[in-house]
Amino acid sequence: MLDLTYITENADAVQQNCRDRGVAFEIGELLSLAEQRRTLIAAGDALRHEQKEVSGKIPKAPADERGGLVARGKELRELVSDKEKELAAVESALRARQLQIPNMTHPDAPVGPDESHSRTIREWGDKPKFDFQPRDHVELMSQLDLVDLEGGAKVAGHGFYYLKNEAVLLELALVQYAVAKLRAEGFTLFTTPDLARDEVLEGIGFNPRGPETQIYSVQNTDLSLVATAEITLGGLLKDEILDAGTLPRKYAGLSHCFRTEAGGHGKATRGIYRVHQFTKVEMFGYTGPDVAASDELHATIVRIEEDIFQGLGIPYRVIDTCTGDLGGPAYRKFDLEAWMPGRNEYGEVTSASNCTDYQSRRLGIRCKSPDWKGTRFVHTLNGTAVACTRAMIAILENHQQADGSVVIPPALRPWVGCDRISPKA
RNA sequence: GGAGAGAUGGCUGAGUGGCCGAAAGCGCCGGUUUGCUAAACCGGUGUACCGGGUAAACCGGUACCACGGGUUCGAAUCCCGUUCUCUCCGCCA
């Protein structure tokens, strides 16, 4: 959510930014509601002021004046109440519009309506050259007895899966690897709830219960299954005022992620690429309220993601996401796309966003410093350390051998306990 | 799941209808005193919104004592609902 004063003072820039991001929004109505809001607040405050004066006089008033004052007090109570109702209606309409406005955009982010306008800013690693026809992860996993997709579908439906045998070790190893890396980078480690209140989801920028929701919600409660630990790590400091001296804060969270993938059918539904549940280690950052600080942590988060994939020996490219694909909260977003030989294309494995104060404003996460008066909204950032299923696909497909075995990257061997997964005898 | 107690400023904690945005202490900031540090003393110290001020300083107003409703001329204080915390009992990985 953007600041109302900012919107009204920068109406043209906000309107243009909506166009760049492909958000149909006309700012005129919002501006007129904002004006109504001011007027109603001023009128309400004046009435309450009189109300206080009147009721303050009553205890010392002579008996013959008291009746009149009480009557005026009653009258004022009605007037105040009417103004409050009017104001509540205006503010609710105003907020509904305010929430439609996406975050402002980093000046260097590429402008364009869709994926094709995103920019590749770096590539790392050499795509493996196979002297055989490479298999995709489904084939590999089934030959190596690493997954039971039918079992997952039977028990929970399409999009769920059982990992088996070394794949279990591989998932745990990826978690360990990521967590160890983040601890060394100074992150505070968390395991987080896998559910969160709807208001937290909304604060982060998800719509838990709309018709096109990507979120599983629990009936008769205000809880939803989280789509990422970004939700729980960002919600952790909701409504708090932090000492700016304690920023930046770097949190890492391990959670399950649940996504309905509504409308995602038909594309890349094979195997474990697009699933309804997966395990992920997520980074979340809180910085002070200036873009220099949050951009710096953003770069660090991307660097860590690259370290992680370089350590796994997986070729990837870094994408600077264009305006049309940024979503609501992101000011700028970098994705890592890993090379996936089975698909013969790149697949998204991480995503790192600087959300500036867009999330913190709705979540009420502020900070205080002797350097300025009052409080300011912190900046929040998030990035994937390891999304287990996608990372596993990249490992299996890039490190496969002619005989159908898969070489485990050295970085994971301490936890997997072997250097290769071979077909069962 | 059952029974009870509670939620007040950064913290501790007083306050049961008007003189309470809220005592006191701690902490923090500024000052005085002082070989240094400490102590002592004096002063200051919440947030949001609306308006004024070119802006900062600052000034005026309103709201906020977990959250939401209600009673009343007037609510931190009374009533109802919700959430959360603690204690005891039961159950349980």
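Worth knowing before you read on, the calculation uses all heavy atoms, side chains too, and leaves out hydrogens, waters and symmetry mates. Within every chain, numbering begins at 1; the chains are lettered A, B, ... in the order of the sequence lines, protein sequences first and strands thereafter.
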Measure from the side-chain heavy atoms of [X] and tell me the nearest of [options].
X      : options                : answer
D45(A) : C73(B), U47(B), U62(B) : U62(B)
H49(A) : C50(B), U62(B), A48(B) : U62(B)
R37(A) : G18(B), G51(B), C50(B) : C50(B)
S55(A) : C50(B), G18(B), G46(B) : G18(B)

Rounded to whole angstroms, how far apart are [atom1] on [X] and [atom2] on [N]?
X       : N      : atom1 : atom2 : answer
E53(A)  : G74(B) : CD    : P     : 15 Å
K83(A)  : U62(B) : NZ    : C1'   : 15 Å
L94(A)  : C50(B) : CG    : P     : 11 Å
M1(A)   : A48(B) : CE    : P     : 14 Å
I241(A) : G46(B) : CD1   : C1'   : 8 Å
K368(A) : C28(B) : NZ    : C1'   : 10 Å
K238(A) : U83(B) : NZ    : P     : 16 Å
R66(A)  : G74(B) : CZ    : P     : 15 Å

[N] versus [M] - spacing of their [atom1] atoms, nearest Å:
N      : M      : atom1 : result
A75(B) : C19(B) : C1'   : 15 Å
G68(B) : U83(B) : C1'   : 10 Å
G13(B) : U71(B) : C1'   : 30 Å
G17(B) : G74(B) : C1'   : 8 Å
U77(B) : U32(B) : C1'   : 41 Å
G25(B) : C42(B) : P     : 10 Å
C65(B) : G9(B)  : C1'   : 9 Å
C64(B) : A57(B) : C1'   : 26 Å

Between [X] and [Y], does any side-chain N to carboxylate O distance fall below 4.0 Å?
X       : Y       : result
K280(A) : E230(A) : no
R72(A)  : E50(A)  : yes
E199(A) : K238(A) : yes

Given RNA chain B, 5'-ward residue of the pair T5(A) and K57(A), judged by closest heavy atom: K57(A)
K52(A) or A42(A), whichever maps to the more 5' nucleotide of RNA chain B: A42(A)
Donor-acceptor side-chain pairing of N103(A) and T356(A) below 3.5 angstrom: yes
[N] pairs with, by Watson-Crick or G-U criteria that keep both distances under 3.5 Å:
N      : value
C49(B) : G61(B)
C86(B) : G4(B)
A14(B) : none
A23(B) : none
A75(B) : none

Parallel, tilted or perpendicular, as decided by the 30° and 60° cut-offs, for the rings of F160(A) and Y216(A): tilted
Passing option when R97(A) is tested against E26(A), E29(A), E91(A) for salt bridge (Lys or Arg N to Asp or Glu O under 4.0 Å): E29(A)
Phosphate OP1/OP2 of [N] contacted by [X] side-chain N/O (<4.0 Å):
X       : N      : value
R197(A) : C84(B) : yes
R77(A)  : G74(B) : yes
Q51(A)  : G74(B) : yes

Checking all strands, does [X] fall into the base, sugar-phosphate, or nothing category for heavy-atom contacts under 4.0 angstrom?
X       : answer
G44(A)  : nothing
R366(A) : sugar-phosphate
L69(A)  : nothing

Smallest separation among heavy atoms of V226(A) and T232(A), with atom names: CG1-CG2, 3.8 Å
